[in-house]
Undergrad: 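Take a look at the following structure, please.
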Amino acid sequence: MWFMWPTSVQATMPELPEVETIRRQIAPRLDGALVLEAGSHPSAKFTPATEATGARFTMAGRRGKYLLLPLDDGRELVVHLGMTGQLRFRSGEPDDSDPYLRAWWRLTHADGAPEVLEFADVRRFGRLRVVPAGDYSSIPTLAAAGPEPWDPELTPHRFWELLGKSKRALKTHLLSQRPIAGVGNIYADEALWLSEINPKSTRLGKERAARLLDALRSVLQQGIDLGGTTLRDYRNAEGASGGNQHELLAYGRGGQPCLRCDEPLRSAQIDARTTTWCPRCQAR
DNA sequence: CCCAACTCCTGGGCGC
DNA sequence: TGCGCCCAGGAGTTGG
């Protein structure tokens, strides 16, 4: 294969485009399915899976990086994929041979077809929770998440206001999910590069905030259109890789020339996360 | 309320 | 070849 994986990259964290890709795939198949039985790994991160037993799934939603799987009894199964979480359907029995299977739900559809929804997660950074529908008070990051990127109320001015509330580095602020929901390390670096904004900035003017919002929407939309970014672990609900890894302009390119100005891109840790940017185009 | 530091996990890259 | 060190990362938790 001609594509060289950045050696520093260990895994792909599912961000908004990856989660949205999975949501679109599982939603029609899950809608109306009755949970006959469920099981999980003993960790408290996964045991809530069994609380869905006896309920029927309705149409899957998403908020940021969280999958929202509403049940027909006024509750909701919230799924976070963490770093390596994968959802998939299987006919027949749960796959006992997979050591990384963390939860499963045996389903039956209105037409009587049996099926299993499986949640596999090598590193166990994912987690599951059953909550009263729409009540995210027990999931603080979700409860405090900023607007969805395409929320019509997220105007450039509103985004500028949301950014203004922190004096932390912009990169850290974006990853907190509070100014906008669903952005992780990859799409943050891509959007900052695209909008030519330094990741360590602490205050943005209105014009740069507007540019950053445009860039975020652009990179997230491209990610969705290409079915997500697969560096190693990410697979969609059908087991397929995404295509956005071939389009990355900044993430994972530390030391390589900037595609705008040829200056070598810099990499450094910001808030314990690798960040790559162009010291010339993205100067402070 | 806010934030920094710590924690959770494991495969695989790498040095020796 | 094989062993063992250590990194990557989102978000929950804890403590200030």
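All of these numbers come straight from a predicted model, not from anything done at the bench.
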Undergrad: Ignoring the backbone of Arg127(A), work out which of dG10(C), dC8(B), dG12(C) is nearest its side chain.
TA: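 Comparing dG10(C), dC8(B), dG12(C) against the side chain of Arg127(A), the answer is dG12(C).
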Undergrad: For the side chain of Gln177(A), starting at C-beta, report the closest nucleotide among dA11(C), dC9(B), dG11(B).
TA: dA11(C)
Undergrad: Between Glu148(A) and Arg63(A), does any NZ, NE, NH1 or NH2 come within less than 4.0 Å of an OD or OE carboxylate oxygen?
TA: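 A salt bridge links Arg63(A) with Glu148(A).
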Undergrad: What is the distance, to the nearest angstrom, from the CD1 atom on Ile139(A) to the P atom on dG12(C)?
TA: 7 Å
Undergrad: Under the side chain to side chain contact (heavy atoms under 4.5 Å, CB included) rule, collect the residues that match up with Pro257(A), sequence neighbours excluded.
TA: Arg253(A), Asp262(A)
Undergrad: If you check the Arg178(A) side chain, which of dC2(B), dA11(C), dG10(C) turns out closest?
TA: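 Between dC2(B), dA11(C), dG10(C), the one nearest the side chain of Arg178(A) would be dC2(B).
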Undergrad: Measure OH/Tyr66(A) against P/dA11(C) and give the value in whole Å, please.
TA: 5 Å
Undergrad: Should Tyr136(A) be listed as having a side-chain N or O under 4.0 Å from OP1 or OP2 of dA11(C)?
TA: no
Undergrad: Should Phe57(A) and Leu77(A) count as side-chain neighbours, where that means a heavy-atom distance under 4.5 Å?
TA: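 Phe57(A) reaches Leu77(A) side chain to side chain.
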Undergrad: Please indicate whether Gln269(A) has more than 12 foreign heavy atoms, meaning atoms of other residues, nucleotides or ligands, lying under 6.0 Å from its CD.
TA: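 More than 12 within 6.0 Å, yes.
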Undergrad: For Leu142(A) and for Gln269(A), locate the closest nucleotide of DNA chain C by heavy-atom distance; then report the residue assigned to the nucleotide nearer the 5' terminus.
TA: Gln269(A)
Undergrad: Take the protein atom CG of Asn185(A) and the nucleotide atom P of dC7(C), then report the distance between them rounded to whole Å.
TA: 16 Å
Undergrad: Arg168(A) has an atom CZ; how far is it from atom C1' of dC1(B), in whole Å?
TA: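 Atom CZ in Arg168(A) sits about 13 Å away from atom C1' in dC1(B).
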Undergrad: Let me know the distance between NZ of Lys45(A) and C1' of dT10(B), rounded to the nearest Å.
TA: 11 Å
Undergrad: CG of Asp121(A) versus P of dA8(C): gap in Å, rounded?
TA: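 Nearest whole value for this atom pair: 20 Å.
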Undergrad: Please tell me which of the listed nucleotides, dA8(C), dG10(C), dA11(C), lies nearest to the side chain of Thr274(A)?
TA: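 Taking heavy atoms from C-beta onward, the closest nucleotide is dA8(C).
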Undergrad: Go through dA11(C), dG9(C), dC9(B) for me and flag the one nearest to the His80(A) side chain.
TA: dA11(C)
Undergrad: Is there a donor and acceptor pair closer than 3.5 Å between the side chain of Arg273(A) and the base of dG10(C)?
TA: yes
Undergrad: For the side chain of Val122(A), counting heavy atoms from C-beta on, which of dG11(B), dG12(C), dG9(C) is nearest?
TA: dG11(B)
Undergrad: What is the distance, rounded to the nearest whole Å, between atom CG of Asp271(A) and atom P of dA5(B)?
TA: 9 Å
Undergrad: Mark yes when over 12 heavy atoms from residues, nucleotides or ligands other than Arg260(A) sit less than 6.0 Å from its CZ; otherwise mark no.
TA: yes
Undergrad: So which nucleotide from dG12(C), dA4(B), dG10(C) ends up closest to the side chain of Lys65(A)?
TA: dG10(C)
Undergrad: Do we see Phe125(A) stacking on the base of dA11(C), given a limit of 5.5 Å between centres and 30° between planes?
TA: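 Ring-base stacking flag not set for Phe125(A) and dA11(C).
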Undergrad: Determine which nucleotide pairs with dC1(B), using a 3.5 Å limit on both distances of a Watson-Crick or G-U wobble pair.
TA: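 WC or wobble partner does not exist here.
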Undergrad: Rounded to whole Å, please give me the gap between CG in Leu128(A) and C1' in dG12(C).
TA: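 The answer, rounded to whole Å, is 14 Å.
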